[in-house]
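Notes for the one structure printed next.
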Amino acid sequence: MATTDDDRRPKYQRIADSLREAIQSGEYGPGDRLPGENELMAAHGVARMTVRQALSVLKDEGVAESRKGAGVFVRSFRPLRRRGIQRLAQEQWGSGRSIWSADTEDRTLVVDQVTVTEEAAPEHVAPVLDLGDEDTVCVRRRRFVLDGKPVLFATSYLPTPLVAGSAITQPDTGPGGTYARLAELGLKPVHFREEIRSRMPTRDEAAQLSISAGTPVILICRTAFADEGRPVEINEMTLDASSYVLEYDFDA
């Protein structure tokens, strides 16, 4: 009898595929508990380690999540749709709304672990912001938590002389956030550039986002420019890839 491609797959992969298909078909819905290790061992005639490998595949994909002492459950978190163009429109932050409100709809977003410091400009930041070796930057670090789950942490760099004494140097920048405050300083952003990459997380990134080491992260580096191409901010963001859909909607 001929051997099929499915037969050649590792047993743990076949079990993971079977569970994934059951989830996609609706047999297991968001928040449902998946079969336990003993049940899967008996059903597939495999060792416990094989079952754990299968469940790890689903957890690494963001399909399932462990709950201590309770088992493995279908992930119920609804991915966040990041509307890359609409969220940065002046009508968004210019009217006092957070750029995040374009993404979160009616869901609860919490910004925690906010720190604001003055630091020497990092080597990769200084030339982009047209800063000298001795210049400093205002550094804003934040973590964003949606529906109780960390989804992103961000670090913004702004030239210290531009923002000194403004609300940008405070944890709460006020309505419209940093871009509204820049506009009040005569440095209204008129152009943005975003660069996007993806890779596996570092140990620290995995801890900050509460993700497994097998879940990739999305890296977005945004530079904001005022009139005449003057760079006024660099924002480096690290996103949990399993929590996001990146949406770009624009005319031809």
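The chain is numbered in sequence order, starting from 1.
No side-chain heavy atom of Val63 sits under 4.5 Å from any side-chain heavy atom of Leu19. Contact annotation: the side chain of Tyr12 never approaches that of Ser56 to less than 4.5 Å [non-hydrogen atoms, C-beta and beyond]. Contact check for Gln86 versus Glu247: side-chain heavy atoms found under the 4.5 Å cut-off. Using a 4.5 Å heavy-atom threshold, the side chains of Leu185 and Ser166 count as touching. Counting only heavy atoms from C-beta outward, the side chains of Leu152 and Tyr244 approach each other to under 4.5 Å. Taking 4.5 Å as the limit, every side-chain heavy atom of Leu129 sits out of range of all side-chain heavy atoms of Asp135.
For the residue pair Pro216 and Pro201, the shortest heavy atom distance occurs at CA-CD, 4.2 Å. In this structure, Val232 and Pro159 approach most closely via the heavy-atom pair O-CD, 3.4 Å. What you find for Arg181 and Pro175 is that their closest heavy atoms are NH1-O, 2.7 Å. For the pair Gly148 and Val145, the tightest heavy-atom approach, listed with the atom from each and the gap, is C-CG1, 3.4 Å. Nearest approach of Asp240 to Leu209, heavy atoms of both residues: N-CD1, 3.9 Å. Across every non-hydrogen atom of Thr223 and Pro231, the tightest pair is CG2-CB, 4.4 Å.
Enclosure of atom OH in Tyr248 by more than 12 non-hydrogen atoms of other residues, nucleotides or ligands within 6.0 angstrom is indicated. For Arg230, the CZ atom is loosely surrounded, since the number of other residues' heavy atoms within 6.0 Å does not exceed 12. Other residues, nucleotides and ligands place no more than 12 heavy atoms under 6.0 Å from the CZ atom of Arg197. Residue-environment remark: CG (Asp112) exceeds the threshold of 12 foreign heavy atoms within 6.0 Å. Within a 6.0 Å sphere centred on NZ of Lys149, other residues, nucleotides and ligands contribute more than 12 heavy atoms. The number of heavy-atom neighbours closer than 6.0 Å to CE of Met200, taken from other residues, nucleotides and ligands shown, is above 12.
No hydrogens or angles considered: a donor-acceptor pair under 3.5 Å links the side chains of Thr136 and Thr160.
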Assess the residue pair Asn235 and Thr178 against the criterion (side chain to side chain contact (heavy atoms under 4.5 Å, CB included)); give the C-alpha distance rounded to whole Å, side-chain angles, the decisive distance to 0.1 Å, and a yes or no. CA-CA 11 Å; Asn235 188 350; Thr178 296; over 6 Å; no

In sequence, state the C-alpha distance, the side-chain angles, and the governing distance for His44 and Thr50, and then conclude on side chain to side chain contact (heavy atoms under 4.5 Å, CB included). CA-CA 10 Å; His44 296 277; Thr50 301; over 6 Å; no

Go through the steps for Asp17 and Arg20 under the test salt bridge (charged side-chain N to carboxylate O under 4.0 Å, His left out), then give the verdict. CA-CA 5 Å; Asp17 291 347; Arg20 189 187 305 102; 2.7 Å; yes

Worked check of salt bridge (charged side-chain N to carboxylate O under 4.0 Å, His left out) between Glu194 and Arg87: CA-CA 13 Å; Glu194 287 193 343; Arg87 69 198 312 270; 5.1 Å; no

Test side chain to side chain contact (heavy atoms under 4.5 Å, CB included) applied to Val163 and Leu187, step by step: CA-CA 10 Å; Val163 301; Leu187 299 166; 5.8 Å; no

One pair to check against side chain to side chain contact (heavy atoms under 4.5 Å, CB included): Ile234 and Val137. What are the steps and the verdict? CA-CA 10 Å; Ile234 293 175; Val137 285; over 6 Å; no

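Remark: Arg67 CZ to Arg33 CZ distance equals 10.5 Å, nearest 0.5 Å. Taking CD1 of Ile220 as the reference point, atom CD1 of Ile196 lies at 4.5 Å (rounded to 0.5 Å). Distance check, rounded to the nearest 0.5 Å: OG of Ser210 to CD of Glu65 gives 11.0 Å. From Leu246, atom CG reaches atom CG of Leu239 across 7.0 Å, with rounding to the nearest 0.5 Å.
With Glu205 contributing its side chain and Thr202 its backbone, the two residues share a donor-acceptor pair below 3.5 Å. Using modelled atom types, one side-chain atom of Arg140 and one backbone atom of Ile168 make a donor-acceptor pair closer than 3.5 Å. The backbone N or O of Arg14 lies less than 3.5 Å from no partner atom in the side chain of Ser18, so there is not a single donor-acceptor pair.
If you run side-chain contact (heavy atoms from CB on, under 4.5 Å) between Gln113 and each of Gln208, Arg142, Arg141, only Gln208 comes through. Between Ser156 and the options Arg222, Glu233, Glu236, a side-chain hydrogen bond (donor to acceptor under 3.5 Å, both in side chains) holds for only Glu233.
Below 30°, between 30° and 60°, or above 60°: for His191 and Phe225 the angle between ring planes is between 30° and 60°, a tilted geometry.
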